[in-house]
Amino acid sequence: MSTVQVTNLTKEYRLRDGLRRTTLRAVDRVSFDLLPRRTVALVGESGSGKSTIAKLLTRLERPTSGSVEVALADGTPVHGSMYRRQVQMVFQDPFASLNPFHSVGHHIARPLLLHQRTSGARQTHERVLEMLERVNLSPAELVAARRPHELSGGQRQRVAIARALAPGAQVLVADEPVSMLDVSIRLGVLNLLARLQREEDLAVLYITHDLATARHFSDEILVLYRGRVVERGPADAVILDPHHDYTKLLALAAPDPERLGKVVAGEGAPDRASIDNSVCYDHHRRAWVHVDEAADAADAARRTRAERTGGGVAAGA
Amino acid sequence: MTDTQSVPAAGAAAARPAPRPGPAPAWRMLLPTMTPWLATGLVLVGGICLFGLLGPLLVGDPDAIRDVGLQGPSGDLWLGTTQTGQDVFAQLAHATRGSLQIGFLVGVLATVLSAFFGIYGAYLGGAADEAFSLLTNVFLVIPGLPLVIVISGFVPRESRGLWTIAVVLALTSWAASARVLRAQTLSVRNREYVAASRLSGERAWRVIVVEILPNLLPVLASQFVFAVIAAVLGEAGLSFLGLGASGSATLGTMLFYAQNGFALPLGAWWWFAPPGLLIALLGTGLSLVNFSIDEIVNPRLKNARLHRRRTRQAARAAKGGAR
Amino acid sequence: MSARTGGSTPRPPIRSTEREAVLSVRDVSVVYETEEPVTAVAGASFELHRGEVLGLAGESGCGKTTLAYAVSRLHQPPARIAGGSVVFHDRSGRDVDVLGLDEEQMRRFRWAKLSMVFQGAMNALNPVRTVGAQLDDTLRAHDPGMDRRRRRARCEEVLTRVGVAPDRYRAHPHELSGGMRQRVMIAMAMLLEPQVMVMDEPTTALDVVVQRDILREIVRLRDEMDFAVVFITHDLPLLLEISDRIAVMLRGEIVELDTADTLYRHARHPYTRKLLGSFPSLSGERGAFVRTGVLDQQQEETA
Amino acid sequence: SAGSSDSGDSASTLVAYTGQAGDYQVNFNPYSPSDIGGRGLIYEPLFFINKTAADAEPKPLLGTEQSWNEDGTVLSVTLREGATWSDGEPFTADDVVFTYQMLLDNEGINETGFDGAVAKVDDTHVTFTWPEPAYTSGPDVLSSIVIVPEHIWKDVDPAADVLEEPVGTGAYVLSDFKGQAFTLDANPEYWGGAPKVAKVRFLALSGNQAGADAIAAGTIDWQTGPIPDMANTNENFPNYDTGSVAQNQMVLGACANAALGCEGPQTDPAVRQALFSAIDRTQLNKLAFQDTAAEISPTMALTSTQAETISAQVEPKVAPATADPQTAARLLEAAGWVKGPDGIYAKDGEKLSLTIEVVTGWTDYITAIQTIAAQAKAAGIQVEAAQSSWNEWTDKRFKGDFELAIDSLWQGPAPDPYYLYSYFYDGRMTAPVGTKANGNNWSRFSDPAVDAALDTLQKLPPEDTAGRQAQFDVIQTAVATQMPYVPVMTGSNTSVWNTAKFSGWPVDGEQYAFPAVWSDFDAAEILKTLTPKAAG
Amino acid sequence: MNYLLRKLGFYAVAFWAALTLNFVIPRLLPGDPVDILLAKLSQRGAVVTPETRKAYATLLGGDTDASLPSQYLTYLANIFRGDLGTSISYFPAPVTEVIAASMPWTVVLIGIATVIAAFLGVLLGAFVGWRPGTWLDSMVPATTLLAAVPYFWLSLVLVYVLSRVLDLFPAQGGYDVVLSPGWSLEFIGSAVYYGFLPALTIVLASIGGWLLGMRNMMVSTLSEDYVLTARAKGLPARRVLRDYAARNAVLPSIAGFAISLAFVVSGSVVTEQVFSYPGIGSRLLAAVTNNDYALMQGVFLFITLAVLGANLVVDLLYGLIDPRTRAR
Ligand SMILES: Nc1ncnc2c1ncn2[C@@H]1O[C@H](COP(=O)(O)OP(=O)(O)OP(=O)(O)O)[C@@H](O)[C@H]1O
Ligand SMILES: Nc1ncnc2c1ncn2[C@@H]1O[C@H](COP(=O)(O)OP(=O)(O)OP(=O)(O)O)[C@@H](O)[C@H]1O
Ligand SMILES: [Mg+2]
Ligand SMILES: [Mg+2]
């Protein structure tokens, strides 16, 4: 049981444009908490900074400013290699996230060995099989010996989940885990994730641009637009009662079979140029918050938290 | 195939598995499919290597002279004699060994260099990558042989041994490979399994060696083969100019002596032609092998090769269907 | 099914079923002559009516693209049309046996009567030629007599139609965003006012919001110009929204073909039902999702 | 631009290849080391001496008569009247005095080591004076020094300046210069009358192979250097013939003198003699020299023109034609060498292994070394070749940084073995290893008896054959027993010439000059003698 | 614009690297070139003053008085003044003069041969790639064989067959020496005639690389979506080949010009030697055999400079051909 507290996370990329250098703020002061058994969904269009947050969280990139703090159930902060053990990730492309040169077993055995979860080949192997069983891959013995390209996309994604959980991760970042899978198996994988989450008390960050699954799979939704959170709140509230223009736009864009023949020529497209990402609607507070305000609040909350070392603090804002 | 067309990373297309994954192990992906070209190449290369390895053990003394020079080929002396009555065939065996030796040496050195600058630089990224790739590009545009000649000119003959020449040839020939490797590494590096293994806490060298390197093996193999060809040719050129490694017998020195002894004007083709042909055949063989390796690197090439057979099959089937 | 706050616009009447056919596909089979031949399309038949949007849905690899290529005879050698017929019913009343045309006739037929927007159309533009040049050569190939000025005018006209500023005529593809490129491709497909447009996943690579814009554009143009569209995608909810009729493909066969509405509410084939079930509804119930108990807990904590 | 030079009657144009590798860089300063050739054609010495003849009667050029005084200290020369420089100025005694004085003033260009005094007697007479008898200096003074015009050369730095427009008295004048070739025209004002060969063109090619190709293509008329299958030149190239004169003693010169710092097995005379015996000269001649080389005497006197000077005390008189491994073994074992298990001799743990330095591109020598290596191996001596550039090779020889070097010794200005001995065996003309020898004695041989004999020879008039022979006996005994330069064979300089276009080549019966393109004064004689065949 | 600046920047760096390499090589390698050079110079009759020694020391190293950085600066200053010392094998001509005399020959020979080889290779490659699997494909191994033959061997064989046996072309030289170099038609004709065999060698030996590269790119390009689109648009096959397939496939060949040029230059050095061609390659070899270090260095520098220049031109052209470069 671990919690993650993300405070004013910011990431700037330096872009080189010939001789000029510009900075791109891919993520701008984003704060949220990940709690055990709870799923937070990040939604937003392409390039809104979703994957960047995932990378920051998993320490594949260093934040420009802001903090990500992981604490165990007893409040001990997590550092170093412990961090890697605690926070793991499931990638988008099941074809690219497994190395075609290694067997399925190898993919799971490596983290086990690296984090000293098991010792000795026998124990490791048993543990690998156990992990595979847990993600519904059976017969595990057979699957472990196979190579990724002998598996279907859904099976691969399950291997990826098993790998993420192998070091004993308590926090799972799933970056569009099903968007590359065939429609008919997406639900299976999401349900598997949900089951594991319940069984292992995982904290999950679910990244997607599919509003429908975001709504059903998560507890809280953060809508990201150009690096900033523009709307946040309980899943149903955000989807069924969007406040921010951008969220409305997204909701409108999502196909909904309930609205047969919705796409008509006359349908007016909201003007994206007018969308403002400096304010955020917070459904918990039922109020509009300016980013600067939210950032200050997050900072303050962080300081209090630091004083009370280990005290549970409410999510951002 | 997946149902999405999100733009794949450059080169990722190559990594996409076949439509219908068979039960073949992954390492099979690294093996080229057998084609007549590959078979020819392997036979050529294998034959020449065997000749270079075993030949010297079987032939007589290549330096022994006979009273009559420039004898044509005969049952006794398969490729006749040189001007000084030396057995050309025996010399060829020794020279082949020498050339292969230097080719292999340079191949290894150049591959190691290119792997270092190409893979390591690309893996590290940032300033290191920029510096490495700048260096690579600079080495790329500086013409190799003139540089080698200049260096050979400065190195006194006594210290111009096999290794010196090999090192110099390697130094001037790694850049092109490094550039290719860099591009490949960049595409592999961005694949998610590399990120995944970094996430599991793997060390950098292990990520490079275990996760990235296998994907680059075909490229490395291709670059190695290419480096060997270039080295054999380069060494032959240097030796022909009298700037080769001192005291080593290679196909280049053989040609040097043949030229020296007016082999061609005297019609002694058996002395002049075999070394050159052997170089050409070795080069061709290696290139043919390389074609097949290229097909692994770029599967579209393989498709193009299969194209004809399939067109024929389709045409045949169409005819059969029409009847 | 709970109602969406925004309210749904009324569905336009299903008009096409009563209309005449523009394309008749009968029992088309396509075989890939590989080591073990693969029958990618097995006896597919459908009729496309003038001005309708026919959706083609199905899982990855079921043969959607193959079928689309076969219809316009763009399949590449390992593929072979093993049987069936494709007949195009021209507006002039003439019937064209597409599979029987020779090379030159086929060349003229393509694009003029039937155009395509390809899967991954982002890459369908030559990156080193200007958008204008690529539009222009299409006109030139089909109407050699047309002078340069008129061609230019026509190109700018179609660009404007799809919502791309005509001054982008001189732009190179990389200077356009993905959505704009897709629009240019649609403009190109309309250039010769074909009667049929085949769109193979034209929006898959695009962002949801942009995708929406494009779909809207397609529907609008269809309404304006009255061409028939074969719209291929694996995204069933999307198809349900835009198509008049939907064909569901499974392993090379069309297992169900019906109007969108009927298909959604009264799907007969189990596979269709399975497909439909895989999509949680945005505004509806959780469906197959199993998530319990967590929500309340959170509510307590935030309170 | 110049357009094409005057079309030039190609029938009377002789194209020669000197062996120059790479393009010419213009410089017609005959005293510059980078003089590009044609020196004897443009400039002339006082006399010409035919080294290929047994007697050395100087042939008049700018000088008409010459004589020594009684004690051999004064050489008087009568000059030609009526000769003019190619710029029209008359040739005078002042020019002669100027030239010789210039040599005395510029040590760097005084290659022949002229050390007398020059004086003008009158307009057609000059004298050369030495403090001591200097008979042996005569030929050099008379025939090796080209006379240059004072009116031009008084402003020239003879060591460094480049002359692009040479002015001489010779039979030819420069007509046209290009990097790939330069052309000389017959001098219409030549005192001896304009030669019949109207034009001579010197080509630059990349080396022997290119020269052979050019002969095959018929693009050159005269070349000195190896061509393939020389014995059958007439069949292979019907228009061509070869001529060769054995004049150069090919040797494996050793860094012989341990006292001067030489190191290696070759410092042991027994090794050098064993090597001498190990060579199978018949085989060597066949394989490396196309049977054109001639026998050699261990005394180094030419067996053709200098046979009568060969000492009776030296045995054998001529190097054996076949290998004599027994003798080699005997010599080596007597000197303490022991044959090792690999068949190679060794002494005190040091293997009898020798490296022979050779210049890259000297094709016949490279082949010769290969052959000698195989022959020596049979006699228990390991020999290998080391190729390097000419400069590097020269450097090594003069610094003593070598074991053996293959080269040929050369003759003096007259057919007299004295010159060769004084060039190569004079112990005072050498230097310790590491410092450059100031003479040609690169083997660093040194024997006081030889030095004394050389001094004596200088003072003996040429007519005193008996007196001279006594000295030769001393020298030749030392030369043959010490063998600092291991005699290989006498090399021929083979020339190939076009007999279809020109007649009058110096063939066997009429050896009026040494037939090598690069031998400037001989070439001048030949060109003056030749006649174009098809005048039309 | 950015592209231009970046390219110019790169070539400036590459040029500087070549200069530095030139400076470093003699200092890194064993041997004492300055002494050898000066000894030769004095042999040749030049007066070796302390200044001469210093000049060569800055060029070739061995000057122990000055610190390395100051030597380096003097070296650069000398180079930019065009002072590369005196050639000893062509004494007393300055190195720059020797190079200036031979450079045009090489530039023209290699330039024309490379252009021809590239043009033919690309053309053939385009056709082979356009119709994969036809008999044309067998050209690929054939040209591979040609590419694997050593340049000098090929040229010797060509000389033997075409010049000696058939007597079609002169075997040596750059022009008929009867003519004077100049812009006369006769001279140019002769230069072309004489240059034919060397050029043929270069073309034969290098065409394979172009062909193979083009073919492979062609194959890749043909499976691009835009080629399919072009076909679907009903464009005539010829137009698809020209405007869509070949047009795009040729770009990497052009971008890879650097590699091929460096290769060709290397091969031509040896070729020139075989043909006694008055170009810079034979000068380089002459310099090496004569230990003419100053000339050696100068020639190397000039060859590198020429290759860099050619590549710069190609790169700038490339910027025009491939619009994508302008954007990035
Ligand atoms: N390594 C990088 N260097 C520079 N810019 C980057 C880098 N990675 C991401 N970006 C930029 O940061 C922004 C956010 O990218 P990110 O990948 O987080 O988007 P995303 O929301 O995950 O989009 P998608 O839905 O397409 O995956 C984009 O504008 C992207 O171009
Ligand atoms: N070139 C080919 N050679 C062999 N088989 C092929 C080839 N192309 C496609 N196939 C096979 O044909 C079948 C249908 O492929 P097709 O591309 O038509 O599917 P699709 O429905 O368009 O899939 P997607 O949704 O992924 O685009 C698949 O099983 C595929 O493996
Ligand atoms: Mg992302
Ligand atoms: Mg498809």
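When every heavy atom of B:V150 is checked against every heavy atom of E:M296, the shortest pair comes out as O-CE, 3.4 Å. Taking all atoms of both residues into account, the shortest heavy-atom contact from E:A17 to B:V138 is CB-CG1, 3.4 Å. Nearest heavy atoms, B:G276 versus E:P150: O-CD, 4.1 Å.
Distance check: B:L255 CG to E:L156 CG gives 8.5 Å after rounding to the nearest 0.5 Å. Considering CZ of E:F300 and CG of B:L145, their distance stands at 11.0 Å, rounded to 0.5 Å. Atom CZ in B:F139 sits 6.0 Å away from atom CG in E:L21 (nearest 0.5 Å). Once rounded to the nearest 0.5 Å, the distance linking OG1 of E:T144 with CG of B:L288 reads 6.0 Å. The distance from atom CZ of E:F152 to atom OG of B:S239, rounded to the nearest 0.5 Å, is 8.0 Å. In this structure, CD1 on B:I142 lies 6.0 Å from OG1 on E:T304, to the nearest 0.5 angstrom.
Here E:N216 is the residue among E:I303, E:L146, E:L154, E:N216 with the most heavy-atom pairs under 4.5 Å with chain B. Annotation: maximal heavy-atom pairing with chain B below 4.5 Å, among E:S220, E:A18, E:A14, E:A147, occurs at E:S220. For the set E:L212, E:L308, E:N311, E:V269, the count of heavy-atom pairs under 4.5 angstrom toward chain B peaks at E:L212.
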> Should E:L145 and B:L281 be marked as a side chain to side chain contact (heavy atoms under 4.5 Å, CB included) after you check the CA-CA gap, both sets of side-chain angles, and the distance that decides it?
Replying inline: CA-CA 7 Å; E:L145 184 73; B:L281 289 180; 4.2 Å; yes
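Heavy atoms of other residues, nucleotides or ligands lying less than 6.0 angstrom from CZ of B:F226 number 12 at most. By the neighbour-count criterion of 12 heavy atoms within 6.0 Å, atom CZ of E:F10 is densely surrounded, having more than that number from other residues, nucleotides or ligands.
For the pair B:P146 and E:V299, the minimum side-chain heavy-atom distance is 4.5 Å or more. Annotation: side chain of B:L233 is not in contact with side chain of E:V149 (no heavy-atom distance under 4.5 Å). Counting only heavy atoms from C-beta outward, the side chains of E:L285 and B:I149 approach each other to under 4.5 Å.
Contact annotation for B:L286: neither backbone nor side-chain heavy atoms come within less than 4.5 Å of a heavy atom of chain E. Contacts between B:L147 and chain E at a heavy-atom distance below 4.5 Å involve backbone atoms as well as side-chain atoms. With a 4.5 angstrom heavy-atom cutoff, E:V161 does not touch chain B via any of its atoms. For a residue to count as touching a neighbouring chain, one of its non-hydrogen atoms must lie under 4.5 Å from one of that chain's; by this rule B:A273 touches chain E with backbone and side chain alike. Heavy atoms closer than 4.5 Å to chain B are found nowhere in E:A287, neither backbone nor side chain. When heavy atoms are compared at a cutoff of 4.5 Å, B:L282 does not approach chain E at all. Both the backbone and the side chain of E:V157 have a heavy atom closer than 4.5 Å to some heavy atom of chain B.
In this structure, E:W153 contributes its side chain and B:F272 its backbone to a donor-acceptor pair below 3.5 Å.
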